[in-house]
Every structure is written in C-alpha cells, then in structure tokens.
Enquirer: 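Handing you this structure, nothing more for now.
Below, read A as the first sequence line, B as the second, and so on, with proteins coming before strands; counting in each chain starts at 1.
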Amino acid sequence: MSAVEISAGPSHDTDSVPVNRHRVDWRGWKFLWPFVVVFLFVFIVPIVYAIYLSFFQTRMIGGTVFVGVQNYLRLFRDGQFWGSVWRVTLFTIVQVPIMLALSALLALALDSMRLHGTRFFRISTFLPYAVPAVVSTLIWGFMYGAKYGLVGSLNGWLGTHLDVLQPSVLLAAIGNIVTWEFTGYNMLIFYSSLSTIPHSLYEAASIDGASEWQIVRRIKMPELKGSLAITVIFSIIGSFQLFNEPSIMQNMVPGNTITTYYTPNMYAYNLSFTGGQSNYAAALAIVMAVITMAVAYAVQLNSMKEQMK
Amino acid sequence: MKSEASLKRLSASELRAQERAAKKAEKTRQRRVAHDEADERKRSARNGFSNPDNPRRSWPLTFVVAIFAVYCLFPFVYLLINATKTQGDFTSTFGLGFGHTFALWDNLQEVFTYQDGIFGRWLLNTLLYVVVGAGGATLLAIMGGYALAKFRFPGRKAVFAVVIGAISVPGIALAVPQFLLFAKLGLTNTPWAMILPSLISPFGLYLMWIFSEQAVPTELMEAARVDGAGEMRTFFTIALPLLAPGIVTTALFTIVATWNNYFLPLIMLKDADWYPLTIGLNQWKDQASTAGGQAIQNLVITGSLVTIVPLVIAFLLLQKYWQSGLAAGAVKE
C-alpha cells in the first residue's frame, strides 16, 4: 500500500487536491453509515427473516417445525390468493393507464403556458396527495354512501337508484379514489421533467417552422418517456400493494363485499394478525414481492425497448 | 477626473438619495417593460401568431383543466361543508348544502374533548413521529445522498443498487417480518416501532443524491479542504446551505409519508394512547358499525379536516421551494 503511494506520489505533484488518487477513499462512509445501519435493521434483516420464516409452520402440537417449501405449494393451490392477485391485476390494467394518461395530459397542458392561472391549477391538482389515505377514503366513502351520503342525496333528488358501492362497480369506485389521490403526484413528476427541456430548443423548432403540436410530439413526448418508466413502476408497485382504501372501506360497504382476502395485502395482513399464520403470510409476501418485481421489471424493459426504436 | 473628485465629496445622505432615485427609475422601467410585454402578447394573440415564449392563452384549454381541478378540489369542499354540521344534520341534510345549525366550533371543541381529549394525544403522537421519524429520515437522506454523489468509495455502487431494489419490495413483505422482529425485541406498541421504519426513505435518498450532484460544485469543496476545513465542516458550512431547496423537498415528502402512514401503525400499535391521527380517525369511524357504538361521523369529518390542514398549509407556503427542488431532481433523467 505504502509502496504504491510513494511510487504514485511524484506524478501527481501538480494536482492541487491533497488526496492521492491511488489510495482508497473511504470518506463517503462518514456520511453514509447512519443510513446503511438503519436500512439494514428495518429493510434487509426483515426480508431475510421473512424468507427464513416462510420455510416453517406453527402447529397446534409440536410447535414450530421446518416444512420446506410446503407453504409455497399450499399458496399455489390457494384459490383465495389467486383471486386476490387477479383482482389487483385487473385494477392495475384499468386504473394505471387512466391515471397516467390524465397526469401526462395535465402536465402537458400546464407546461404549454397557455392556461390562465397555471399556478393555481398546478397546486390544486397536486393537493390531494397531501391527504392521508384514511381521510380521502373516508370522504369518498361518505360521498359514495347511498343511505345518507352524496349519492343518496342525489338519488332522492333525481329519483334514481344509483349505488356505486354494489359489488360489480366497487373496484371502479376504489379506482376513482386512488386516481384522485395520485394523479397530481404523477403529474408533478412529468411536469418537472418537462421543465428541464431548455427553451432554446422550442425556439429553434419554431424557427424551423414546427407547429406547437409538432413540438409536443417531437420534443415533449420523448422527454416524458423517461419519467413514464418511473411512474409506471411506482404505480404498479402501488396497485399490487392495494390495502388502505379497501380495508378502510370494508365496513362502509354494505354486506360482505370486501372480503378479508380482497387484495393480496389484505389477505397477508389478516392471515398474520387475525389468523395467526405468520409463516404462511411470509410466504405470500415473498411471492408477491417476486411477482411485483417481475412485472415492474418486464414493463420497464418494454419501455426501454420502445425508447431504443 | 473632475467628476470623480466631486463624487467623492458627496455626503452619505446624498449618496443614499441617489441610490433611491436609481431604484425608483429601475422600478418604473420594469413596469413599462411588463406593460409592453402584455401589449405584445395581446397583439400577437389578435394576429393568431404563437411563439413558445410568449404563447396565446387559451380559454377552452383552461376550461378543460378547470373541470379536472374541480374534481380534485370537490372532496375538500365537501369536507369543509360537512365539518360545519351536527351529527343529525349530517345524516339528514343534502351533502353539499349547509345544515340547519352551523356547528363547526362545537364540532372542533368536541373533537378535542371527546373521550377525555384523546384526539389531542393522537395529534401530539403524530407530531412526535413526524419530527423524529421524518426529520431523521431527511437527515439520513441528506448525508447519504451527499456521500453517494460526492465521494467515490468502495461499496458505493452496491449500496445504491440494494436501496433502489428495496424500493420495489412491497410494504407488506416488510411489515409482517418487521412486526415479528420488533415484537421479539419488545419494540411493538412503543413509539420506536413507528419511528425506526420511518427513518428510511429510499425516495428521499434518491432525491438528495441527484440534487447534491448538481447543487454542490466539487471545486468549492476542494477549495474548502485546501483552506483546511475537515469533511464535517465542509459539509455543514459549504454543502448544507447549497442543498436547501432539495432539503425542503425531501423533508416535505418524508413528512407527508409519515403523517399519512396508516399501514405501519395499524400493525405495530395496539395501545390507543400511541395511535397517530390516521388510526385514531379510522377507529372513530368504525365505532358507528360496532354493536351499541355511538355514531360520531361529525367528529370523524371535523377530525379529518384538522388532520389535513397542517399539510395543506405546508404545501401552499413552501410551494416555491419544493417545486424548484423537484425540478432540479428531475434533470438526471
């Protein structure tokens, strides 16, 4: 080590930085170690622990025993689990494109500088993001209510029998809440990536005779693609984790429409906290993590390929 | 030569007067420029000419976006109106109209006195989790992001890859084992169960990383080192002030994440004395559907209003900072 230092020393004499380039620079860890320590404790250790737990089973007699991949085998035959996976998949396929299309259009509209009151629209469409999921679900739940909610008032007024909480449209009603919560957030991601395009580019384009629409298509849309990959991945992860909205609405909805296995997350929660099956829940969590990452990765790969064209 | 000499002889008060006059002239000039620009805009709008720096404002486009803004703001209006109603009026009067009595102050008072004022306790708990949890998360993210951006150390790439990978792990995959682990350590049902996991914000780290890369010039850090400043001193006196907009942005996002967290406290806390606002409100809502439970929807709604007001105010007041911070963070893409 010191030999390297000595031999390398003279050649760097002119360098004003008092750091030898050949010596390993550990200074970054002075700042990074607190994050890494906490991260290990609340992220890495639990994940490893979950994998460990998923190979065991707690039995009435005999206590906790090693069962190998039995929890996983049981999961693959579990109709309730796959039903919930199908439900969030359907939710993702419908809700995410609607939300992201809205966000992108909104960002383009705000960025066009052709609106009256851009600042007002920017902040008012983002504001729902500041509302906790509990509160937004409460508000929308009260509005959805056919008994004494807004829908109920409208029904009484117009003589209709609308019910947005009936089983066939309930998922759409939940989708509306999620769309309300996150459209503004995604809009802001799109908007901030649009704002990094240098204005000279627009000027050059318009001097070359490009119409506004051509500027949107040829300059702004390609710029949005980069942030689209990020928003798509975040949205897919979010949808697959759907928990707050359905579980808060559970007893605002008449009957037993929102079951304890409505989404994979609710299923895992109920298994481990009311069903006492933590090991099975751990296996479920791991399978969901793998599925989520696989889907997110596949989608990202797809968007990358599109960019290559 | 002569004028220079006479300038020197000017007294301080005369100098100040000159300065004032110059400022005033500059202001008038700016006003005239703004006026001319507005005129120019109007003229080009009349001629149907569009240029990207001076575009035509469009009423139809504004109208379309306004419809969406109504959709976004509508639930806030509903919440405001219904927070003024008594429980009786809430269930019997039209959802978007006011009730027979204006009960906002009564409701607010009742929110803070119901069940021996437990709502105040929940509010304090939430503040504790936000100050320690979100504050700590911001601090860790600043330091970590700065390290990743400004130093080349062994393990740097590995740390980044693992952190980015961890973002895509679903919350539940973490929460169940986190709970079991914390239960073993005797941390569940204590504030630590809420604070420790809140300390990590991968998104915050990512944001601060990108931001540090642009906002802190390496030359400036090297100049400080040459002048004999240690790493910590360079960080606190040189880097931190430059990072301010990024810090505001990161802090705001970690505060929202902690203030609005529902899943983590739901799992970790069983004792109502340690609940944050979100869990408490949901418990009040559930009270209506339990056997013999008193329906207190008016309190749920007014409590919801109290819960969101601080965040809404924070977002409005700090708008300028977090928006510029976010825009700078987007450059990397």
Enquirer: Which answer fits L106(A), side chain, backbone, both or neither, if we ask what part of it has an atom under 4.5 Å from a heavy atom of chain B?
Expert: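 Only the side chain of L106(A) comes within 4.5 Å of chain B.
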Enquirer: Flag the pair K30(A) and E231(B) as a salt bridge only when some basic side-chain nitrogen lies within less than 4.0 angstrom of an acidic carboxylate oxygen.
Expert: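 Salt bridge flag = no for E231(B) with K30(A).
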Enquirer: Quick one: does Q297(B)'s side chain get under 4.5 Å of F142(A)'s, heavy atoms only?
Expert: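 Yes. Closest side-chain heavy atoms under 4.5 Å.
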Enquirer: If you count heavy-atom pairs within less than 4.5 Å of chain B, which of F240(A), F41(A), F126(A) leads?
Expert: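 Highest number of heavy-atom pairs under 4.5 Å: F126(A).
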Enquirer: Could you have a look at L194(A), V134(A), L154(A) and say which one has the most heavy-atom pairs with chain B under 4.5 angstrom?
Expert: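 Going by pairs under 4.5 Å, I would pick V134(A).
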Enquirer: Taking the six-membered ring for Trp, are W29(A) and F153(B) closer than 6.0 Å centroid to centroid?
Expert: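 Between W29(A) and F153(B), the centre distance is under 6.0 Å.
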Enquirer: Is the backbone of I123(A) close enough, under 3.5 Å, to the side chain of Q319(B) for a donor and an acceptor to pair up by distance?
Expert: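 It does not hold such a pair.
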Enquirer: Given side chains that start at C-beta, do those of Y129(A) and L311(B) come closer than 4.5 Å, heavy atoms only?
Expert: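 Not in contact.
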Enquirer: Can you tell which part of Y267(A) gets under 4.5 Å to a heavy atom of chain B, answering side chain, backbone, both or neither?
Expert: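 Interface part for Y267(A): neither.
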Enquirer: For the residue pair V131(A) and F76(B), establish whether any side-chain heavy-atom pair is separated by less than 4.5 Å.
Expert: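 Touching, per the 4.5 Å side-chain cut-off.
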Enquirer: To the nearest 0.5 Å, how far apart are CG in L115(A) and CG in L61(B)?
Expert: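 Reported value, rounded in 0.5 Å steps: 5.0 Å.
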Enquirer: Give the ring-plane orientation class for H116(A) versus W59(B), where under 30° counts as parallel, over 60° as perpendicular and anything between as tilted.
Expert: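 Ring orientation, 0 to 90° scale: parallel.
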Enquirer: Let's test your reading of the structure: which of N251(A), T125(A), V38(A) forms the most heavy-atom pairs below 4.5 Å with chain B?
Expert: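 Highest number of pairs under 4.5 Å: N251(A).
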Enquirer: Who wins among T118(A), L138(A), I236(A) for the most heavy-atom pairs under 4.5 Å with chain B?
Expert: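 That would be L138(A).
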Enquirer: Below 4.5 Å, heavy atoms only, C-beta onward: do T62(B) and R114(A) meet side chain to side chain?
Expert: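 Counting from C-beta outward, T62(B) and R114(A) never come under 4.5 Å.
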Enquirer: Let's test your reading of the structure: which of V287(A), L188(A), L271(A) forms the most heavy-atom pairs below 4.5 Å with chain B?
Expert: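 When all of V287(A), L188(A), L271(A) are compared, L188(A) has the most.
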Enquirer: Using non-hydrogen atoms only, which part of F39(A) is less than 4.5 Å away from chain B: side chain, backbone, both, or neither?
Expert: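 Contact with chain B is through both the backbone and side chain of F39(A).
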Enquirer: With respect to chain A, which residue among L79(B), V64(B), V65(B), L199(B) yields the maximal number of heavy-atom pairs within a distance under 4.5 Å?
Expert: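 The residue among L79(B), V64(B), V65(B), L199(B) with the greatest pair count is V65(B).
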Enquirer: Just by distance, do the side chain of K285(B) and the backbone of M252(A) share a donor-acceptor pair under 3.5 Å?
Expert: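 No: the side chain of K285(B) does not pair with the backbone of M252(A).
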Enquirer: Of T137(A), N244(A), V135(A), which meets side-chain contact (heavy atoms from CB on, under 4.5 Å) against Y262(B)?
Expert: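 Result: among T137(A), N244(A), V135(A), N244(A) is the only option passing the side-chain contact (heavy atoms from CB on, under 4.5 Å) with Y262(B).
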Enquirer: To the nearest 0.5 Å, how far apart are CZ in F43(A) and CD1 in I200(B)?
Expert: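 Reported to 0.5 Å precision, the distance equals 7.0 Å.
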Enquirer: Below 4.5 Å, heavy-atom pairs only: which of I139(A), V36(A), V48(A) has the largest tally toward chain B?
Expert: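 Looking at each option in turn, the highest pair count goes to I139(A).
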Enquirer: Give the minimum heavy-atom separation between A147(B) and G28(A), together with the two atoms involved.
Expert: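 Taking every non-hydrogen atom into account, CB-O, 3.3 Å.
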Enquirer: Check whether Y191(A) gets within reach of chain B through its side chain, its backbone, both or neither, counting any heavy atom under 4.5 Å.
Expert: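 For Y191(A), neither part sits under 4.5 Å from chain B.
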Enquirer: For a 4.5 angstrom cut-off between non-hydrogen side-chain atoms, does Y49(A) reach K184(B)?
Expert: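 A side-chain contact exists here, since the closest heavy-atom pair is under 4.5 Å.
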Enquirer: Quick check on R152(B): does its CZ atom have over 12 non-hydrogen neighbours (other residues, nucleotides or ligands) under 6.0 Å away?
Expert: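 It does: R152(B) CZ has more than 12 such atoms within range.
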Enquirer: Please state whether the rings of F31(A) and F235(B) are parallel, tilted or perpendicular, taking 30° and 60° as the class boundaries.
Expert: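 F31(A) and F235(B): tilted rings.
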Enquirer: Count the heavy-atom pairs under 4.5 Å between each of L252(B), I255(B), V312(B), L266(B) and chain A, then report the option with the highest count.
Expert: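 Most heavy-atom pairs under 4.5 Å with chain A: L266(B).
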Enquirer: Can N176(A) and Y71(B) be said to form a side-chain hydrogen bond (donor to acceptor under 3.5 Å, both in side chains), step by step?
Expert: CA-CA 11 Å; N176(A) 175 53; Y71(B) 166 71; 2.6 Å; yes
Enquirer: According to the interplanar angle, ranging from 0 to 90°, do the rings of F273(A) and F179(B) count as parallel (below 30°), tilted (30 to 60°) or perpendicular (above 60°)?
Expert: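 Ring orientation of F273(A) relative to F179(B): perpendicular.
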Enquirer: Quick check: do P132(A) and I308(B) have side-chain heavy atoms less than 4.5 Å from each other?
Expert: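 P132(A) vs I308(B): side chains touch.
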Enquirer: Check each atom of L53(A) against the heavy atoms of chain B and say whether the ones under 4.5 Å are side chain, backbone, both or neither.
Expert: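 Just the side chain, heavy atoms under 4.5 Å.
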Enquirer: Does the side chain of C72(B) come within less than 4.5 Å of P128(A)'s, by heavy atoms?
Expert: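 Yes - at least one pair of side-chain heavy atoms lies under 4.5 Å apart.
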Enquirer: Which bit of I44(A) comes within less than 4.5 Å of chain B, counting heavy atoms only: side chain, backbone, both or neither?
Expert: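 The side chain, not the backbone.
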Enquirer: Using the side chain to side chain contact (heavy atoms under 4.5 Å, CB included) rule, take W33(A) and L140(B) through it: C-alpha gap first, then chi angles, then the decisive distance, then the call.
Expert: CA-CA 9 Å; W33(A) 72 264; L140(B) 295 187; over 6 Å; no
Enquirer: Are the aromatic ring centres of F68(B) and W180(A) under 6.0 angstrom apart?
Expert: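 Judged by ring-centre distance (under 6.0 Å), F68(B) and W180(A) do not meet the cut-off.
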Enquirer: For L180(B) and S278(A), which heavy atoms make the closest approach, and how far apart are they?
Expert: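 Shortest heavy-atom contact: CD1-CB, 3.9 Å.
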Enquirer: With only heavy atoms counted, which part of T183(A) is less than 4.5 Å from chain B, the side chain, the backbone, both or neither?
Expert: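 For T183(A), the side chain is the part near chain B, not the backbone.
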Enquirer: Under a 4.5 Å cut-off applied to non-hydrogen side-chain atoms, are V42(A) and Q178(B) in contact?
Expert: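 In short, these two side chains touch, coming nearer than 4.5 Å.
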Enquirer: If I measure from the heavy atoms of chain B, does I207(A) come under 4.5 Å with its side chain, its backbone, both, or neither?
Expert: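 No part of it gets close to chain B.
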